[in-house]
Amino acid sequence: MKKLLLFIAVIHALVGAQTFTSSNLPIVVLKTNGQVIVDEPKITADMGIIYNGEGIRNNLTDPWNHYNGKIGIEIRGSTSQWFPKKQYGFETRDSLGGDSKVSLLGHPAESDWILFAAYNDKSLMRDALTYYLSNSLGRYASRSRYCELVINDEYRGVYILFEKIKRDKNRVNISKLDSSGTTGDALSGGYIIKIDKLEGSGNGGWYSNYATSGLNEQKILFQYHYPKPEDITLEQKEYIGSFIYAFETVMAGKNYADTADGYTKYVDVPSAVDFFLINEVTRNVDAYRLSSFMYKDKDSKNGKIFFGPVWDFNAGFGNCNYYQASYIEGWQLAYLAANDSFRTVDQFLPPFWWKKLYDDSLFMKKVSERWKEIRARQFLLGTINTFIDSIASHINEAKQRNFVKWPILTQYVWPNAYIGGTYANEITYLKNWIKKRIDWMDIQLAGMSLEVIDDDRRQTPLGFNLFQNYPNPFNPVTTIQFSLPVAQQVKVAVYDLLGKEIMELVDGQISAGVHSVQLNAAPLPSGIYFYRLQTEKFLSAKKLVLIK
């Protein structure tokens, strides 16, 4: 048996072996200097990023020209630590070992980052897609940048550089709260709270006074994310705990939906609506109960509870074979709140108040209204498929190397609900699952399908229109949409404040319909720009803001 296992290991190593010399993606190189990267604590390592600019080849022998310095790095994640392709959390450091805020691959400057592996998501894009959709709704989620990773001269595959959820003007933009904020308005914000598993360090928090909808009377552990458990003061603990307790007490009462004294006093309802829709359109198996964040700013800056940022969706979009998460039909929240098998077995249940929000007709009316609004734009199937295709094209070369290193396309990797055998089949499954899920949600929330003609395209528009780009402000990618009532010769271009054309996006004959084009402004500096749609019969321009 030992010989057989050794033989299998050798074969696996030989299959995964390959020569990696260059990429169209940025290359991240790590040198651990004889150390092993562990769960915790972080080890000090050297990191270099080779990035020669958009459209320019990156060679492993090129200088570390984008970043060359020290980092502290550790393995991150919970279930993902089982997988051979690890994901990592790291912080950029200065020469003395302190945090060093830097801009990496177009992301705004910060010191905390994630190298995400997407091992059990064979599309390599479910998280990036979800965060894109959230940002398109105006709800911050981590920006994404694909790269290839080499550790100690060993090729490790395709990774995504994500921002770690953190209080920052370019991430969760709430007030800074330090040890001096112990009274008045300063004490009221900002806070980031999470509901999650207990893996990792710094998991201080408090248990809810109210049981979940489970059969074993479990109680939610609210964990301090910002300020960190080691930094939060006693006064701040008491304040945020009392605020959440007051909210939950209202939700536990009979009049929780009262428009004057109910949950709307405590909750930013639009953020709860968008949080619900993102988790349901993805049918996220962990929805509401794990990797679930909320934040609160100072009272003087709207001190209600905001839900988000959304996080961890590699098992979404039909990629999970338990808790009915791959089913097209049904609300995931309804399943989690009512299924006795789940409620008896699982220790991580959603807070009781999510089901009560779902039961409130006014809340669900707002969900329906919001759904119809975003289905006309951000959640158009054509828009979503354009994003999927753009990522698939962007990583086309690199993903082939990734699946030589990790030959799993024909294998079950927990918790896959589908095994496509090829990358193309994985993408087809993803697109088809999303289409069917959106069709089902259309019927539930609008009473009819909102995708009214074939080819994932809306009904022919009645007039010309140039829509505001989303997200806006953005960094570095944004989407521009326009509509044409008839086929036209179309030009879409970007201009600086002096009216000089700096980037052409479209120039050609375009059919009638609603169209989307992505602008990647990575080569441009921060600033205000204009984009213009020009046809034979129509001219319109709008402002966009790039913040790096």
Side-chain angles (χ1 to χ4, degrees), residues 129 132-133 135-138 281 368-394 427-428 431-432 434-439 441-443 445-472 474 477-497 499-521 528-546:
L129 172 59
Y132 162 77
L133 291 175
N135 278 305
S136 77
L137 300 183
V281 77
S368 176
E369 291 170 349
R370 179 63 163 161
W371 178 253
K372 287 182 278 189
E373 174 190 344
I374 64 179
R375 278 288 284 120
R377 186 174 170 187
Q378 296 97 322
F379 279 26
L380 275 170
L381 281 173
T383 300
I384 294 173
N385 286 340
T386 295
F387 181 84
I388 292 173
D389 290 340
S390 69
I391 295 298
S393 175
H394 182 55
I427 296 302
T428 298
K431 285 183 174 181
N432 288 340
I434 291 173
K435 182 181 188 305
K436 292 175 183 178
R437 180 64 175 168
I438 284 179
D439 285 345
M441 289 180 65
D442 278 349
I443 300 301
L445 297 176
M448 59 180 288
S449 174
L450 299 177
E451 207 75 30
V452 294
I453 63 173
D454 293 335
D455 299 326
D456 297 332
R457 196 166 288 169
R458 296 283 294 165
Q459 189 174 17
T460 302
L462 298 177
F464 295 95
N465 205 349
L466 176 63
F467 300 102
Q468 186 64 52
N469 66 299
Y470 60 89
N472 190 44
F474 70 101
V477 178
T478 189
T479 298
I480 295 169
Q481 278 192 327
F482 58 92
S483 63
L484 307 173
V486 294
Q488 291 277 292
Q489 183 71 23
V490 171
K491 180 175 181 178
V492 179
V494 180
Y495 302 83
D496 63 19
L497 290 176
K500 178 183 177 182
E501 181 180 318
I502 56 176
M503 194 174 292
E504 185 177 83
L505 303 178
V506 177
D507 187 12
Q509 187 77 10
I510 305 296
S511 61
V514 178
H515 301 273
S516 299
V517 59
Q518 279 201 328
L519 164 63
N520 188 334
I528 298 174
Y529 299 89
F530 292 90
Y531 59 100
R532 187 176 74 179
L533 168 68
Q534 181 176 2
T535 76
E536 302 162 30
K537 300 180 179 180
F538 182 76
L539 180 66
S540 181
K542 291 187 181 294
K543 181 173 69 175
L544 50 77
V545 180
L546 172 63

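What you are looking at is a predicted structure, and each value in this text was computed from that prediction instead of being measured.
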Can the ring centres of Tyr132 and Phe387 be said to be less than 6.0 Å apart? yes

dist Leu539:CG -> Arg532:CZ (nearest 0.5 Å) comes out at 5.5 Å

Just how far is it from atom CD of Gln481 to atom CG of Asn465, taken to the nearest 0.5 Å? 10.0 Å

Quiz question: by atom type and distance under 3.5 Å, do the side chains of Ser516 and Thr383 form a donor-acceptor pair? yes

Taking Gln468 for the side chain and Lys543 for the main chain, is one N or O donor matched with an acceptor at less than 3.5 Å? yes

Verify side-chain contact (heavy atoms from CB on, under 4.5 Å) between Asn135 and Phe474, making sure each step is shown before the conclusion. CA-CA 9 Å; Asn135 278 305; Phe474 70 101; over 6 Å; no

Starting at CG of Leu484, measure out to CD of Gln489 and round the result to the nearest 0.5 Å. 11.0 Å

I need the Phe482 CZ to Leu505 CG distance, nearest 0.5 Å. 9.5 Å

Looking at every heavy atom in both Ala512 and Pro485, which two are closest together, and how far apart are they? CB-O, 3.6 Å

Can you tell whether the side chains of Lys491 and Glu501 come within less than 4.0 Å, N to carboxylate O? yes

Distance col, row Ser390:OG vs Asn520:CG, nearest 0.5 angstrom, shows 10.0 Å

The side chain to side chain contact (heavy atoms under 4.5 Å, CB included) partner of Lys431 among Ile384, Ile388, Leu381 is Ile388

Rounded to the nearest 0.5 Å, what separation is found between the CG atom of Asp439 and the OG atom of Ser449? 5.0 Å

Tyr531 (side chain) donor-acceptor with Asn469 (main chain) under 3.5 angstrom: yes

Under a 3.5 Å threshold, yes or no: a donor from one side chain and an acceptor from the other, between Thr478 and Gln518? no

Check: Ser136 main-chain N/O paired with Gln378 side-chain donor or acceptor under 3.5 Å: yes

Is a donor on one side and an acceptor on the other found under 3.5 Å between the side chain of Gln534 and the backbone of Val492? no

Test Asp442 against every option in Lys435, Arg375, Lys436 by the salt bridge (charged side-chain N to carboxylate O under 4.0 Å, His left out) rule and name the one that passes. Arg375

